[in-house]
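A short write-up of the structure that comes next.
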Amino acid sequence: MSTTPDAAPLDDLHARVLDWYADHARDLPWRAPDRTPWGVLVSEVMLQQTPVARVLPRWLEWLDRWPTPSDLAAAAPGEAVRAWDRLGYPRRALRLHAAAVAIRDEHGGQVPAEHAQLLALPGVGAYTAAAVASFAFGQRHAVVDTNVRRVHARAVTGAAEPATALTAAEQRLAVALLPAEAPTAARWAVAVMELGALVCTARSPRCGDCPLLERCAWVLAGRPAHDGPARRGQAWAGTDRQVRGKLLAVLRAAADPVSATELAACWPEDRQRARCLDGLVADGLVEPLDDGRYCLPRT
DNA sequence: CACTCGTGGAT
DNA sequence: TATCCAAGAGT
């Protein structure tokens, strides 16, 4: 029997993660065989800064109600905001609606497969463009989200946490780690992300369940603590974000336009409430009517 | 590049 | 109970 030398380190890395994914991948609807590129795009936008558990029911509703980009494009943008419910960051709903309009008008109603065309869609940045090109179309792209950055930082670089912002070095590393063949690269992309989401988590990583434990640079280095600056927590109480959320919640729940008096009930400080309402109007999330009332955008 | 932009479950 | 933080994008 020939003594095959150890697989090259990169092949070993790929095999460990891909084998783990084959056994532990979650059964999510946007990964199902019958998924569409539109379904993948909707899932990626909904999942921006939002947990899977909260996205699931909204994704099912959206795809049932608007199964194609043209279906959503035909609806009023305010209906997208309303159906967004409490996923948070409601501008994403507006941008997804705008993306649907662009897909209908500029791409024949089909989600484009090219990374550059995806990137040009509203609400689609570097991550989402790569994710859709990879997950929906099986292309070879470096898909770099917070999960991937964390896995790379620990398993490869040996750091407890990635830098505050995505660096050129991280991007280069992600490209260097990509398997050569597109189908494998696509599975690798989703597999690394899944590993970061389920095992190599931010708070308390489950290293005992990790396929990379024996070769994790961070573990081998003795799990050094994070040395960079601590990420500053996001304030919430009393912020404009809280006020905007309250104002929009009232408008989402209302079947008819709402008066300024009714909106005043959700926040006592006139100055801040007015500023936030103006901001929502400027963002296109709220439409002011001639009679002084407000509603979700109808056009 | 630092900052803004929601929400609610987990710890 | 307070803090953390979850598949980012746009400015």
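Just so we're clear, the structure is a prediction, and the values are computed from it rather than from any experiment. Proteins come first, then strands; the chains are lettered A, B, ... in the order of their sequence lines, and each starts at number 1.
Annotation: side chain to side chain donor-acceptor pair (under 3.5 Å) contacts of A/T164 (sequence neighbours excluded): none. By the ring pair (Phe, Tyr, Trp, His ring centres under 6.0 Å) test, A/H14 is found to be paired with A/W188, residues two or more places apart in sequence or in another chain being considered.
A heavy atom closer than 4.0 Å to some atom of DNA chain C occurs in A/M193, these being the qualifying members of residues 163-194 of chain A. Shown for residues 25-41 of chain A: residues whose heavy atoms fall under 4.0 angstrom of DNA chain C, namely A/R26, A/L28, A/W30, A/R31. Less than 4.0 Å separates DNA chain B from at least one heavy atom of each of the following residues of residues 245-253 of chain A: A/G245, A/R252. A heavy atom closer than 4.0 Å to some atom of DNA chain C occurs in no member of residues 204-213 of chain A. A heavy atom closer than 4.0 Å to some atom of DNA chain C occurs in A/Q48, A/Q49, A/P51, these being the qualifying members of residues 48-65 of chain A. Near-neighbour residues of DNA chain C inside residues 115-125 of chain A, defined by a heavy atom below 4.0 Å, number-ordered: A/P122, A/G123, A/V124, A/G125.
For the ring pair (Phe, Tyr, Trp, His ring centres under 6.0 Å) condition, the pairs that include at least one residue of residues 74-109 of chain A, sequence neighbours left out, are A/W62-A/W84. Within the structure, the ring pair (Phe, Tyr, Trp, His ring centres under 6.0 Å) test picks out no pair touching residues 229-260 of chain A (sequence neighbours left out). Legend: ring pair (Phe, Tyr, Trp, His ring centres under 6.0 Å) pairs involving residues 118-166 of chain A, not counting sequence neighbours, sorted by first then second residue: A/H115-A/H141.
Looking at A/R16 and A/E214, a side-chain N of the basic residue comes within less than 4.0 Å of a carboxylate O on the acidic one, giving a salt bridge. Ionic pairing of A/E161 and A/R150 is not present here: no N-O contact between side-chain nitrogen and carboxylate oxygen is shorter than 4.0 angstrom. A salt bridge links A/R206 with A/D209: at least one charged nitrogen is closer than 4.0 Å to a carboxylate oxygen. We find that A/R293 and A/E287 are not joined by a salt bridge, their nearest charged nitrogen and carboxylate oxygen being 4.0 Å or further apart. We find that A/R275 and A/D240 are joined by a salt bridge, their nearest charged nitrogen and carboxylate oxygen being less than 4.0 Å apart.
At whole-Å resolution of the value, OH in A/Y89 and C1' in B/dC5 are 5 Å apart. Taking atom CZ of A/R244 as the reference point, atom C1' of B/dC3 lies 14 Å away to the nearest angstrom. Rounded to a whole Å, the CG atom of A/L285 is 14 Å from the C1' atom of B/dT4. Note: CG (A/L87) to P (B/dG8) measures 10 Å, nearest angstrom.
The shortest side-chain heavy-atom distance between A/Q110 and A/I103 does not fall under the 4.5 Å cut-off. Counting heavy atoms from C-beta on, the side chains of A/T36 and A/L41 never come closer than 4.5 Å. Counting heavy atoms from C-beta on, the side chains of A/V124 and A/V132 never come closer than 4.5 Å. Considering only heavy atoms from C-beta on, A/E106 stays 4.5 Å or farther from A/P112 through its side chain.
For the C1' atoms, the distance from B/dC5 to C/dA6 is 15 Å, rounded to whole Å. Taking the C1' atom of each, B/dA2 and C/dA7 are spaced 23 Å apart, rounded to whole Å. Here the separation of C/dT1 from B/dG8, taken at their C1' atoms, is 15 Å to the nearest Å.
With hydrogens and angles disregarded, no donor-acceptor distance shorter than 3.5 Å links the side chain of A/R215 to the backbone of A/P211. Panel note: side chain A/R91, backbone A/D283; no donor-acceptor pair is recorded below 3.5 Å.
Atom SG of A/C276 sits about 6.5 Å away from atom CG of A/L247, to the nearest 0.5 Å. Note that the CZ atom of A/R26 and the CG atom of A/L56 stand 9.0 Å from one another [nearest 0.5 Å].
Checking A/E262 against A/S259 by side-chain atom types alone, a donor-acceptor pair falls below 3.5 Å. Defined by atom type and a distance below 3.5 Å, a donor-acceptor pair is present between the side-chain atoms of A/Q234 and A/R241.
Each of A/A129 and A/R203 was assigned the nucleotide of DNA chain C with the nearest heavy atom; the assignment lying further toward the 5' end belongs to A/R203.
Nucleic acid contact for A/Q234: base, since at least one base atom lies under 4.0 Å from a heavy atom of the residue. At a threshold of 4.0 angstrom between heavy atoms, the contacts of A/T146 are confined to the sugar-phosphate backbone, with no base atom among them. A/A202 comes within 4.0 angstrom of the backbone, heavy atoms only, and of no base. Looking at heavy-atom distances under 4.0 Å, A/R86 makes contact with sugar-phosphate atoms alone, never a base. Within the nucleic acid shown, A/R95 comes within 4.0 Å of sugar-phosphate atoms alone, with no base atom in reach, counting heavy atoms only.
In plain terms, the two heavy atoms of A/P179 and A/T184 that are nearest each other are CB-CG2, 3.7 Å.
Nucleotides of DNA chain C with any atom under 4.0 Å from a heavy atom of chain A span, from 5' to 3', C/dC4 to C/dG10.
A cation-pi arrangement, defined by a distance under 6.0 Å to the six-membered ring centre and an angle within 45 degrees of its axis, is absent between A/R273 and A/W267.
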